[in-house]
Amino acid sequence: MHVAEGYLPPVQAAAWFAVSAPFVVHGSRTLVRQVRRDPESKLLLGAAGAFTFVLSALKIPSVTGSCSHPTGTGLGAVLFRPPVMSVLGGIVLLFQAVLLAHGGLSTLGANIFSMAVVGPWVAYAVYALIRRAGGSLDVAVFAAAALGDLATYCVTSVQLALAFPDPATGFVGALAKFGGIFAVTQIPLAVSEGLLSVLVVRLLTRTSGADLRRLGVLRPTAAEVRA
């Protein structure tokens with residue numbers, strides 16, 4: 001997913017910055033309001049950012065010399081909603097580009113859009129639909145994390161296909177190639193991320209149940225409703 005430094009044409013790199021910027025600005029304002037409204041959520045915010053950093057820093061070899069990895073943004077989207085994750089994900093990607101050479105500064109806008117914008121929005125949409133349909137928390141979290149992960153790589157495939165269209169079949173042919181390359185490795189990784197996210201939410205339910213209820217992930221207890 002981390003599109004490497006200099007891998008995108010300058011015009012396209014700038015365009016992805018322009019597309020991502022409004023989401024990051026809106027997310028920054030949302031994050032400030034979240035911290036002011038609920039200062040006790042700072043620890044959980046840090047944990048969500050750390051979860052994204054660790055998972056998205058894992059590099060698993062893919063075909064043709066590329067690599068794939070989980071994204072970790074689905075869990076944060078469930079806990080704090082997608083706008084907050086545009087900021088946390090952007091910070092993660094910036095640090096990875098500077099410290100780990102994962103991705104690049106010129107391609108930061110494209111990477112933010114795929115991993116910190118589209119991934120979290122898809123994850124939260126899936127989560128909300130399943131919960132409203134009466135699905136369990138475990139099923140909703142699993143589907144959100146897995147599909148948010150896959151959505152990120154679908155967007156990256158589009159970005160690369162736009163930058164490197166196939167000489168014979170153009171954008172469509174390039175999209176099929178890039179999507180096929182990533183899909184082989186990413187499907188099991190998405191499933192693994194979904195399962196890990198479920199385990200983390202179960203742990204948080206036992207250790208930070210009050211925080212999850214304040215965030216709306218868990219339903220309030222009878223005592224809290226009476227209060």
(request) Pick out which of Val32, Val25, Val24, Thr30 makes a side-chain contact (heavy atoms from CB on, under 4.5 Å) with Ser28. (result) Val24
[X] and [Y]: same hydrophobic cluster, using ILVMFWY side-chain contacts below 4.5 Å?
{"X": "Phe51", "Y": "Leu199", "answer": "no"}
{"X": "Leu43", "Y": "Leu212", "answer": "no"}
{"X": "Val19", "Y": "Leu160", "answer": "yes"}
{"X": "Leu203", "Y": "Val198", "answer": "no"}
{"X": "Ile91", "Y": "Leu58", "answer": "no"}

Min side-chain heavy-atom separation [X]-[Y] under 4.5 Å:
{"X": "Met85", "Y": "Val117", "value": "no"}
{"X": "Val200", "Y": "Val141", "value": "no"}
{"X": "Leu94", "Y": "Leu105", "value": "yes"}
{"X": "Pro83", "Y": "Trp121", "value": "yes"}
{"X": "Leu31", "Y": "Leu45", "value": "yes"}
{"X": "Leu137", "Y": "Val201", "value": "yes"}
{"X": "Ser86", "Y": "His26", "value": "no"}
{"X": "Leu100", "Y": "Phe53", "value": "yes"}

Compare every heavy atom of [Y] with every heavy atom of [X], then report the nearest pair and how far apart it is.
{"X": "Pro120", "Y": "Pro82", "result": "O-CG, 3.7 Å"}
{"X": "Ser106", "Y": "Gly6", "result": "OG-N, 3.2 Å"}
{"X": "Pro9", "Y": "Ala163", "result": "CD-CB, 3.7 Å"}
{"X": "Tyr7", "Y": "Phe164", "result": "O-CZ, 3.0 Å"}
{"X": "Pro70", "Y": "Leu189", "result": "N-CD1, 4.4 Å"}
{"X": "Phe142", "Y": "Leu195", "result": "CD1-N, 3.6 Å"}

(message) Please evaluate residues His69 and His2 with respect to the criterion ring pair (Phe, Tyr, Trp, His ring centres under 6.0 Å), reporting the C-alpha separation (whole Å), side-chain torsions for both, the decisive distance (0.1 Å), and the verdict.
(response) CA-CA 9 Å; His69 53 77; His2 292 85; 4.5 Å; yes
(request) Check the pair Val92 / Leu88 against side chain to side chain contact (heavy atoms under 4.5 Å, CB included), numbers first and verdict last. (result) CA-CA 6 Å; Val92 164; Leu88 295 184; 5.6 Å; no
Distance-only criterion, 3.5 Å: show the donor-acceptor pairs between side-chain atoms of residues 123-134 and protein atoms not counting sequence neighbours.
unit_1: Tyr124; atom_1: OH; unit_2: Arg81; atom_2: NE; d: 2.9
unit_1: Arg131; atom_1: NH1; unit_2: Gly135; atom_2: O; d: 3.1

(request) Determine whether the aromatic ring centres of Phe17 and Phe113 lie less than 6.0 Å apart. (result) no
Got a donor-acceptor contact below 3.5 angstrom from the [X] side chain to the [Y] backbone?
{"X": "Thr152", "Y": "Ser114", "result": "yes"}
{"X": "Glu193", "Y": "Gly72", "result": "yes"}
{"X": "Thr71", "Y": "Met115", "result": "no"}
{"X": "Gln12", "Y": "Leu162", "result": "yes"}
{"X": "Gln186", "Y": "Tyr153", "result": "no"}

Side-chain donor-acceptor pairs of residues 168-178 under 3.5 Å, sequence neighbours excluded:
unit_1: Thr169; atom_1: OG1; unit_2: Asp166; atom_2: OD2; d: 3.2
unit_1: Lys177; atom_1: NZ; unit_2: Asp166; atom_2: OD1; d: 2.4

(message) Let's go through Thr107 and Glu5 carefully: what are the C-alpha distance in whole Å and the side-chain angles of both, what is the deciding distance for side-chain hydrogen bond (donor to acceptor under 3.5 Å, both in side chains) to 0.1 Å, and is it a yes or a no?
(response) CA-CA 6 Å; Thr107 57; Glu5 180 67 47; 5.2 Å; no
(message) Regarding Ser41 and Gln34, do their side chains bring together a donor and an acceptor under 3.5 Å, going by distance alone?
(response) yes
(message) For a side chain to side chain contact (heavy atoms under 4.5 Å, CB included) check, start with the C-alpha distance between Phe80 and Leu44, then their side-chain angles and the critical distance, and finish with the verdict.
(response) CA-CA 9 Å; Phe80 294 104; Leu44 206 52; 3.8 Å; yes
Rounded to the nearest 0.5 Å, how far does [atom2] of [Y] lie from [atom1] of [X]?
{"X": "Ser208", "Y": "Arg213", "atom1": "OG", "atom2": "CZ", "value": "10.0 Å"}
{"X": "Asp211", "Y": "Leu204", "atom1": "CG", "atom2": "CG", "value": "8.5 Å"}
{"X": "Ser192", "Y": "Leu55", "atom1": "OG", "atom2": "CG", "value": "9.5 Å"}
{"X": "Leu196", "Y": "Leu75", "atom1": "CG", "atom2": "CG", "value": "8.5 Å"}

